[in-house]
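Comments concern the structure below.
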Amino acid sequence: MTTVAYQVGEQTIIAPAVRYEYGYAYNIEAKKRLKLVTLNWPPYIDESLCNNGWLFQLTVKLLLQKGYGVHIEFFPWARALRAAELGNADILFPEYFIDAEVMSENRQGKTRNDLMALSTAIPGGNLSLIGLSGRESNYDGSLESIKDQTIGVVRSYKNTPELDKLINSKQISTIVANNEFQQIHLLMNLRVDLIVADFDVLIASIEKSQLFETEKQQMKNALVALSPALAYKPLYYSVSKANPQWQEILADLNNEINKMKEQDELLSYIEEKKHQCSRK
């Protein structure tokens, strides 16, 4: 089971995980206990990754340092989102920035921001249009250039505001996948012209698959991220406003994130966690 190290004053504490319900728990006897929902999304967070990935480690550390008990469960994204929006989980992560007008898929008449509050940002990655190597694309950096193409997207993901508006208004045709690995198959089977994804997530999803190594390499070689990227997408924690203490939880998360940023520790912590696993 994955352990997490965190600081209390000058003391480093090693917290072991325990299996709890259908997930992982830390400091479960704490008076303040939070349920978090997430997804398998390598290379950021995934149950198949070393130590469940740097984002898992960072998340648990941030909350343990504030004295919370932490219970994390992994779900498909749409299910995790539903749990958080309906108040059945306290924190959803990782999340992209959500514009004010984005409506909830689970509470009629409510926006996502009516139900959830975003934390201070943490590092993320580029969101790009991905095509097949050797296959020409009309993409010239503008979304107007791909209006005649069919795009593969992941269910309940938010992309960029501009792209989502075109999708919602049916100006861009889409086929919906449940995850990035399904997106790749849509693209390689020519069911879509392009897919929208973080390229690093696609590569990591291939790596964790059960394919033979030769098949993995062929698949990775077939993918190309089109330039320019659609956007750099920082990551956020999304705190459910159904929790009466949501403002306190949000403030605690933000304080810990900002403290790491001010002390130039956030990026070095992430790189340290990546390096630890690269040596294993």
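- For the atom pair NZ (K147) and OG (S142), the distance works out to 9.5 Å, reported to the nearest 0.5 Å.
- Residues Y44 and D200 bring no donor and acceptor atom of their side chains to less than 3.5 Å of each other.
- The environment of E215 atom CD is dense: over 12 non-hydrogen atoms of other residues, nucleotides or ligands sit within 6.0 angstrom.
- The main-chain N or O of V102 is never found under 3.5 Å from a side-chain atom of R112 such that the two would form a donor-acceptor pair.
- Between L92 and T38, every side-chain heavy-atom pair lies at or beyond the 4.5 Å cut-off.
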Please test W77 against S156 for side chain to side chain contact (heavy atoms under 4.5 Å, CB included), starting from the C-alpha separation and ending with a verdict.
CA-CA 7 Å; W77 180 250; S156 297; 3.8 Å; yes
One pair to check against side chain to side chain contact (heavy atoms under 4.5 Å, CB included): N159 and V153. What are the steps and the verdict?
CA-CA 9 Å; N159 303 294; V153 297; 4.2 Å; yes
I'd like to know whether V60 forms a side chain to side chain contact (heavy atoms under 4.5 Å, CB included) with I72, so could you lay out the CA-CA distance, the side-chain angles of the two residues, the decisive distance to 0.1 Å, and finally the verdict.
CA-CA 9 Å; V60 177; I72 299 180; 3.7 Å; yes
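- Here the closest heavy-atom approach between residue P43 and residue W54 is recorded as O-CD1, 4.0 Å.
- Smallest separation of non-hydrogen atoms from L55 and T59: O-OG1, 2.6 Å.
- Between the CG atom in L115 and the CG atom in L81 there is a gap of 9.5 Å [rounded to 0.5 Å].
- For the atom pair CD1 (I122) and CG (L62), the distance works out to 7.5 Å, reported to the nearest 0.5 Å.
- Note: E21 CD to K35 NZ = 6.0 Å, rounded to the nearest 0.5 Å.
- Looking only at atom types and distance, the side chain of Q183 has no donor-acceptor partner in the side chain of N179 under 3.5 Å away.
- Applying the ring-ring contact (aromatic ring centres under 6.0 Å, His included) criterion to Y6, with sequence neighbours excluded, gives no partner residue.
- Nearest approach of S133 to V224, heavy atoms of both residues: N-CG1, 3.9 Å.
- A side-chain donor from one of S169 and Q171 sits under 3.5 Å from a side-chain acceptor of the other.
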As a quick check of understanding, evaluate side chain to side chain contact (heavy atoms under 4.5 Å, CB included) for D148 and I172, giving each step before the final call.
CA-CA 7 Å; D148 62 340; I172 289 183; over 6 Å; no
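- In terms of heavy-atom proximity, Y96 sits nearest to L118 at O-CD1, 4.2 Å.
- Looking at L230 and L163, their side chains come closer than 4.5 Å, going by heavy atoms from C-beta outward.
- For CD of E101, the number of neighbouring non-hydrogen atoms (other residues, nucleotides, ligands) closer than 6.0 Å is greater than 12.
- The pair R82-E85 fails the salt-bridge criterion, with no side-chain N (NZ, NE, NH1 or NH2) lying under 4.0 Å from an Asp/Glu carboxylate O.
- Checked by atom type, the side-chain pair Q276/E272 shows a donor-acceptor distance below 3.5 Å.
- Side-chain N/O atoms of Q57 and K61 include no donor and acceptor closer than 3.5 Å.
- Listed by first and then second residue, the ring-ring contact (aromatic ring centres under 6.0 Å, His included) pairs that reach into residues 221-255 are F93-Y237, sequence neighbours excluded.
- Side-chain contact, E47 with Y24: a donor N or O sits under 3.5 Å from an acceptor N or O.
- Side chain of N243 to main chain of Q245: a donor-acceptor pair is present (N/O by atom type, distance under 3.5 Å, no hydrogens or angles).
- Taking the side chain to side chain donor-acceptor pair (under 3.5 Å) definition, one finds that D114 meets it with T111, sequence neighbours left out.
- Between N113 and I98, the closest side-chain pair of non-hydrogen atoms falls below 4.5 Å.
- Contact of the Q65 side chain with the Q7 side chain is registered, since non-hydrogen atoms from C-beta on lie closer than 4.5 Å.
- In the model, S205 has no side-chain atom that pairs as donor or acceptor with a side-chain atom of E180 under 3.5 Å.
- Shown here is Q263, whose CD atom has more than 12 heavy atoms of other residues, nucleotides or ligands within 6.0 Å.
- Residues M188 and F199 are members of one and the same hydrophobic cluster, defined by side-chain heavy-atom contacts under 4.5 angstrom among Ile, Leu, Val, Met, Phe, Trp and Tyr.
- For R135, the side chain to side chain donor-acceptor pair (under 3.5 Å) test picks out no residue, with sequence neighbours left out.
- Tested against V239 for a side-chain contact (heavy atoms from CB on, under 4.5 Å), the candidates L36, I91, N254, L34 yield a single pass: I91.
- Aromatic pair Y26/Y68: ring centres not closer than 6.0 Å.
- Counting only residues at least two apart or on different chains, the salt bridge (charged side-chain N to carboxylate O under 4.0 Å, His left out) pairs with a member in residues 240-258 are K32-E248, K66-E256, E256-K259.
- Here L194 contributes atom CG and T174 contributes atom OG1; the two are 12.5 Å apart, rounded to the nearest 0.5 Å.
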Go through it in stages, so that I can follow the logic: the residues are N258 and E262, the test is side-chain hydrogen bond (donor to acceptor under 3.5 Å, both in side chains), and I'd like the CA-CA distance, side-chain angles, deciding distance and then a yes or no.
CA-CA 6 Å; N258 289 331; E262 290 163 6; 5.6 Å; no
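- Proximity of a side-chain donor or acceptor of D193 to a complementary backbone N or O of T150 within less than 3.5 Å is detected.
- No more than 12 heavy atoms of other residues, nucleotides or ligands lie within 6.0 Å of CD in E29, so this atom counts as exposed by the packing criterion.
- One hydrophobic cluster, built from ILVMFWY side chains closer than 4.5 Å, holds both I45 and V37.
- With L226 as the partner, the side-chain contact (heavy atoms from CB on, under 4.5 Å) test is satisfied by one option alone out of I146, I130, L129, D140: L129.
- The shortest non-hydrogen separation linking I257 to A121 is CG2-O, 3.9 Å.
- Both Y139 and L127 belong to a single network of hydrophobic side chains, linked directly or stepwise wherever heavy atoms of I, L, V, M, F, W or Y lie under 4.5 Å apart.
- With contacts defined as side-chain heavy-atom distances shorter than 4.5 Å, the pair I206/I184 qualifies.
- Considering CH2 of W41 and OH of Y157, their distance stands at 6.5 Å, rounded to 0.5 Å.
- Looking only at distances, no side-chain donor or acceptor of Q11 sits under 3.5 Å from a matching main-chain atom of V8.
- Linking ILVMFWY side-chain heavy atoms closer than 4.5 Å, directly or via other members, places L49 and L202 in two distinct hydrophobic clusters.
- Judged as a side chain to side chain donor-acceptor pair (under 3.5 Å), and not counting sequence neighbours, the contacts of K220 are E207.
- When side chains are defined from C-beta on, Q149 counts as touching N138, because their heavy atoms get closer than 4.5 Å.
- Residues M103 and K110 have side chains not in contact (no heavy-atom distance under 4.5 Å, counting atoms from C-beta outward).
- Residues M260 and L267 fail the side-chain proximity criterion, which asks for heavy atoms closer than 4.5 Å.
- Checked for salt-bridge contact, K165 and E162 miss the test: no charged N lies under 4.0 Å from a carboxylate O.
- Between K158 and D164, no side-chain nitrogen of the basic residue sits less than 4.0 Å from a carboxylate oxygen of the acidic one, so the salt-bridge criterion is not met.
- Residues K208 and D46 come closest through the heavy atom pair NZ-OD2, 2.9 Å.
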